[in-house]
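All chains are named by letter (A, B, ...) in the order of the sequence lines, taking the proteins before the strands, and each is independently numbered beginning at 1. The shown structure was predicted, so the numbers you read here are calculated from the model rather than taken from an experiment.
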Amino acid sequence: MDYALTRFTDEVRQAIAATGRVPAALIELTTPKANIPADLAFPTFRAAKALGLPPPQLAADLAAAIPRNETTLIGAVEASGPFLNFSMHPQRLASTVVSEIQARGAAYGHHADGQGRRVVVDYSAPNIARRMHVGHIRSTIIGQTLVNIFRALGYQVIGDNHLGDWGTQFGTVIAAIQRYGRPAAEGEAAMAQLEQLYARYNHELQAQTEQKEQAIVTGQPLPVFDPDLEAEARRWSLALEQGDPQARAIWQWCVDLTLAAAQRNYDRLGIVFDHAYGESFYEAMLPEVIAEALHSEAAYRDVDGSVVAELDKLPRFIIQRNDGGTVYMTRDIATVKFRLRAFDPAKIIYVVDGRQELHFRQLFAIVRAMGYARDVELVHIPFGIVTTPDGQPLSTRKGNMVYLESLLDEAVARARAVVEQKNPELAEAEKAAVAEAVGVGAVIYNDLYQDPRRNISLDWERMLATEGNSATYLQYSHARCCSILRRASEDGGVGPEAASLLLLTHPSETRLLKHLARLPEAVREAGDRYAPFVIAEWCYTTAREFGVFFEQCPVLKADPPALRAARLALVAATARALKNGLGLLGIAAPERM
RNA sequence: GGGGCUGUAGCUCAGUGGAUAGAGCAGCCGCCUUCUAAGCGGCCGGUCGUGCGUUCGAUCCGCACCAGCCCCGCCA
């Protein structure tokens, strides 16, 4: 069954066609801007040109010729210069939209577009032996929202956390643990120690490298180190790749430690994966992948023994080092191969920062050249970096890095202070729950409210703004709806069931209803554009329209009782739809705050 | 040198071929004896980076240029 807005659009198209004056192919409809008092418009320019008429005349002729039909959602039809404007009939809209929301409930806004098709979303991808920091939060949050959106579109979505659990840096981690000892602490503190060991090892290694370089410059014999840290790291890297039990045991310890720490963040953010195959998972497939790359002539063996590819005028890249080792690209090719075989997806979506754009163009080119990915759409969703409020990049080296767990803690602590000030009478447990929802919601919204390609800043003032376009405002609007509904049920009185929705004719009621009708369209657009901010904007506009309605239309004191009931039904529908929208973004909707 | 992303109000952003380019924040002014003022209304604020082109019509499409950020084989 189609949603109200889809039906309205079809009805308008049919109404124009029914006049017999415009060929169906020339009926192109647009959504007018907000300052135009109409819901759908037919700009007649092209059709008028084809028919040899001035556009305003065609528009006027059509306005007179459109058949009236009381069973459709079409209300006023007016020519406005060269435009033919259609408005939805407020009362028929009211009963249709509110009934739809009541009937579909949590599934209002969902579609069946992706029925029977699968989508893989590759997101989060924390590095093992590292704490998650703000750099990981974007992939995690945007990725989960895309998972939610594509599920709402009816796809079977497989979320895969592509752990950074492999690669040459792991040799360094193991070598560092062997040299300095295993961290004694637990949880994130142990991770911090691991990072320090890694940095300390690299620092010492750097010193050795500089001595070697100096010797070369001055022509002196190369110094001999015991141990040679670079050789040690490479040896452990190789040992790990070859399945050495000792290397493997240390590696597994790091993986377990990292995942346990990450899980706490995932739980708070509502992140749920279907799989967490790390890069290591694909190790066994790599020789086969390299052989197939060579056999398909997507890649060739260079004179120095490395295997390289040069495709589609893209820069040359390596899939096997001249020492026989593999790289990230090799594992990514294997990952595509595995996913195609295991899931047969219609799309694979990579939520990875924009600096890796070239990498993905190369990856997509080589898997096509190898004949792997014939019927799958490969999509890279690039996103910008996280900066300080004055635009400085956050980095470990600069010492201004913010770690995910402390970011969430800080946001919740700040939210807690606001709750304490705004609503001191709440019970302790509820204060804590509201603070968690508001703080975490603010962090999530900061990542989703705009185009992912833009850089975002870690600006506490804006993130935890209690006004304007913020998660808090959206949550507050939902809580206000719930407050009205709660009071209504306490009063007894007329329940939403008895509502006569035809009474909802106030302009602010109609505006709110029209906007509620747009959620299904927003979900579809968000999926088409891989753009969670489309949902965020829908939520924001919903909150604003509700805010106006709240000021202008008393609900509990509305008279007659049937109007009160109708408004209660509208408030319930608003709460439901807003909660659905926030749910897609992964933002909690408390009933009180 | 090649390539990618971004450029819209003082700041942060929507606007992906149509009508008078919209929000929030900041600034100024109003509205709480009435459902949560974490709210609502008003004012102020824009050569849509620049120039050509395509089109009946361009912030939007094409080309060139300018500015900022990012990427360009043995890291991920």
Side-chain angles (χ1 to χ4, degrees), chain A residues 28 30 32-36 38 41 43-46 48-49 55 80-83 85 125 127 164 166-169 279 302 304-310 313-323 325-329 331-332 352-359 361-362 382 384-385 387 389 391 393 418-419 421-423 438 449-451 453-457 459 461-462 464-470 472-477 479-488 491 529 533-534 536-537 540-541 543-544 546-558 567-568 571 592-593:
Chain A
E28 293 165 4
T30 62
K33 297 191 169 172
N35 56 346
I36 307 296
T44 58
F45 303 97
R46 225 181 303 271
K49 194 176 186 183
S80 171
F83 295 90
N85 289 337
N127 295 317
W166 212 247
T168 48
Q169 86 282 2
E279 291 179 54
D302 206 354
D304 66 357
S306 60
V307 178
V308 299
E310 192 168 1
K313 296 180 185 166
L314 294 170
R316 252 159 68 105
F317 59 96
I318 283 220
I319 65 168
Q320 186 175 36
R321 297 196 308 248
N322 59 14
D323 66 1
T326 59
V327 293
Y328 179 52
M329 180 66 81
R331 294 185 284 277
D332 264 2
V352 181
D353 82 83
R355 289 171 300 192
Q356 296 194 44
E357 221 230 300
L358 176 59
H359 168 79
R361 288 206 295 168
Q362 290 169 326
I385 60 170
T387 69
V418 178
V419 174
Q421 176 207 333
K422 301 277 184 187
N423 219 340
V438 169
Y449 79 101
Q450 63 186 44
D451 191 305
R453 276 184 294 261
R454 288 184 180 277
N455 294 343
I456 59 169
S457 69
D459 183 340
E461 295 300 315
R462 195 169 59 242
L464 288 163
T466 56
E467 48 193 51
N469 188 359
S470 64
T472 311
Y473 174 58
L474 306 183
Q475 292 170 320
Y476 178 68
S477 302
R480 285 172 119 190
C481 292
C482 293
S483 174
I484 294 172
L485 298 170
R486 189 168 50 243
R487 282 173 182 273
D491 291 357
R529 296 173 60 186
F533 75 85
V534 173
E537 287 208 316
Y540 175 57
T541 308
R544 285 188 54 230
F546 174 73
V548 177
F549 163 79
F550 184 89
E551 292 293 322
Q552 299 186 351
C553 300
V555 177
L556 298 175
K557 294 189 172 172
R567 285 185 174 165
L568 280 172
V571 171
R592 271 198 299 208
M593 58 188 283

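For A:Arg462, the side-chain atoms get nearest to B:rU12 when compared with the rest of B:rU12, B:rC25, B:rG24. Residue A:Pro315 places its side chain closer to B:rC72 than to any other of B:rC72, B:rG18, B:rA37. When distances run from any side-chain atom of A:Val548 to the nucleotides B:rA38, B:rU12, B:rC40, the shortest one goes to B:rC40. Checking B:rA37, B:rA76, B:rG4 against every side-chain atom of A:Phe550, the shortest atom distance belongs to B:rA37. Side chain of A:Lys422, nearest nucleotide from B:rU36, B:rA14, B:rA38: B:rA38. Picking from B:rC71, B:rA26, B:rU12 the nucleotide with the shortest atom distance to the side chain of A:Gln450 gives B:rU12. When each of B:rU36, B:rC35, B:rA38 is scored by its nearest atom to the side-chain atoms of A:Thr472, the top-ranked nucleotide is B:rA38. Listed candidates were B:rA19, B:rA23, B:rA76. Nearest to the side chain of A:Arg544 is B:rA23. Here the nucleotide nearest the side chain of A:Glu537, chosen from B:rA14, B:rG73, B:rC74, is B:rA14.
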Report the secondary structure of RNA chain B in dot-bracket form, marking unpaired bases with a dot and bases paired to a different strand with |, and treating Watson-Crick or G-U pairs with both distances under 3.5 Å as paired.
(((((((..((((....[...)))).(((((.......))))).....(((((..]....))))))))))))....
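For the pair A:Lys49 NZ and B:rU55 P, the interatomic distance rounds to 9 Å; values are reported in whole Å. When rounded to the nearest whole Å, the span between CZ of A:Phe549 and P of B:rC35 equals 14 Å. Look at CZ on A:Phe45: it is 15 Å from P on B:rG17, rounded to the nearest Å. Regarding A:Gln362, its CD atom lies at a distance of 14 Å from the C1' atom of B:rC75, rounded to whole Å. What separates CD1 of A:Ile385 from C1' of B:rC5 is a distance of 12 Å, to the nearest Å. Distance, A:Lys33 NZ to B:rA23 C1': 14 Å, rounded to whole Å. Counting to the nearest Å, the P atom of B:rG24 and the CG atom of A:Leu474 are 13 Å from each other. Taking atom CD of A:Glu28 as the reference point, atom P of B:rG57 lies 17 Å away to the nearest angstrom.
Residue contacts for A:Pro55: at a heavy-atom cut-off of 4.0 Å it reaches no nucleic acid atom on any strand shown. Residue contacts for A:Asn455: at a heavy-atom cut-off of 4.0 Å it reaches the sugar-phosphate backbone alone, with no base atom in range. Using a 4.0 Å heavy-atom criterion, one finds that A:Glu310 contacts no nucleic acid atom at all. Within 4.0 Å (heavy atoms only), A:Cys482 reaches no atom of the nucleic acid at all. At the heavy-atom level, A:Val571 lies nowhere under 4.0 Å from the strands shown. Here A:Val555 lies in heavy-atom contact (under 4.0 Å) with a base. Using a 4.0 Å heavy-atom distance criterion, A:Ser457 is classed as making no nucleic acid contact. Among the heavy atoms of the strands lying under 4.0 Å from A:Gly547 are primed sugar atoms or P, OP1, OP2 only; no base atom is included. When heavy atoms are screened at a 4.0 angstrom cut-off, A:Ala479 is found touching base atoms of the nucleic acid. Looking at heavy-atom distances under 4.0 Å, A:Leu358 makes contact with sugar-phosphate atoms alone, never a base. Within the 4.0 angstrom heavy-atom criterion, base atoms lie near A:Gln356. Residue A:Arg361 is classed as a sugar-phosphate contact, given heavy-atom separations below 4.0 Å to backbone atoms only. Residue A:Tyr449 is in sugar-phosphate contact alone, with no base atom involved, counting any heavy-atom pair closer than 4.0 Å across all strands shown. Residue contacts for A:Tyr328: at a heavy-atom cut-off of 4.0 Å it reaches a base atom on one of the strands shown.
Atom CG in A:Asn455 sits 6.5 Å away from atom OG1 in A:Thr387 (nearest 0.5 Å). Here A:Trp166 contributes atom CH2 and A:Arg331 contributes atom CZ; the two are 8.5 Å apart, rounded to the nearest 0.5 Å. From A:Met593, atom CE reaches atom OG1 of A:Thr466 across 9.0 Å, with rounding to the nearest 0.5 Å.
For B:rC60 and B:rG18, the C1' atoms lie 11 Å apart once the distance is rounded to whole Å. On the C1' atoms, B:rG45 is 26 Å away from B:rA37, given to the nearest whole Å. Taking atom C1' in both B:rU59 and B:rC13, one finds a spacing of 15 Å when rounded to whole Å. As rounded to the nearest Å, B:rA76 and B:rC72 have C1' atoms that lie 15 Å from one another. For the C1' atom pair drawn from B:rG17 and B:rG62, the interatomic distance equals 13 Å after rounding to whole Å. Spacing between B:rA19 and B:rG57 at atom P, rounded to whole Å, works out to 14 Å. Comparing the P positions of B:rC5 and B:rC65 gives a spacing of 16 Å, expressed to the nearest Å. Atom C1' of B:rG22 sits at a distance of 27 Å from the matching atom of B:rC66, rounded to the whole Å.
Counting only heavy atoms from C-beta outward, the side chains of A:Ser483 and A:Arg592 never approach each other to under 4.5 Å. Two residues are said to be in side-chain contact when any heavy atoms from C-beta on lie closer than 4.5 Å; A:Glu461 and A:Pro389 fail this criterion. In this structure the side chain of A:Leu464 never reaches within 4.5 angstrom of the side chain of A:Val418, judged on heavy atoms. Residues A:Lys422 and A:Tyr476 fail the side-chain proximity criterion, which asks for heavy atoms closer than 4.5 Å. For the pair A:Tyr328/A:Gln356, a side-chain contact is recorded, criterion being any heavy-atom separation below 4.5 Å from C-beta on. Residues A:Val571 and A:Phe550 are not in side-chain contact: their nearest non-hydrogen atoms beyond the backbone lie 4.5 Å or more apart.
Because its NZ or CZ atom is not both nearer than 6.0 Å to the ring centre of A:Phe546 and within 45° of the ring axis, A:Arg480 does not count as a cation-pi partner of that residue.
Stacking between A:Phe83 and the base of B:rA19 is present: ring centres sit under 5.5 Å apart and the planes differ by under 30 degrees.
Distances shorter than 4.0 Å separate none of the side-chain N or O atoms of A:Arg46 from OP1 or OP2 on B:rG57. Applying the 4.0 Å criterion to OP1 and OP2 of B:rG7, one finds that A:Arg454 has a side-chain N or O inside that range. One finds no side-chain N or O of A:Tyr476 lying less than 4.0 angstrom from the OP1 or OP2 phosphate oxygen of B:rC40. Phosphate contact (OP1/OP2 of B:rG22, side-chain N/O of A:Asn35, threshold under 4.0 Å): present. Close to B:rG4, at under 4.0 Å from its OP1 or OP2, lies no side-chain N or O of A:Arg453. In this model, the phosphate group of B:rC35 is not approached by any side-chain N or O of A:Lys557 to a distance below 4.0 Å at OP1 or OP2.
In this model, a side-chain donor or acceptor of A:Asn85 finds a partner on the base of B:rA19 within 3.5 Å.
Environment of CZ in A:Arg355: sparse, with no more than 12 heavy atoms of neighbouring residues, nucleotides or ligands closer than 6.0 Å.
Between A:Arg486 and A:Asp323, the residue anchored closer to the 5' end of RNA chain B is A:Arg486, taking for each the nucleotide with the nearest heavy atom. For the pair A:Ala41 and A:Ala543, both in contact range of RNA chain B, the more 5′-proximal nearest nucleotide belongs to A:Ala41.
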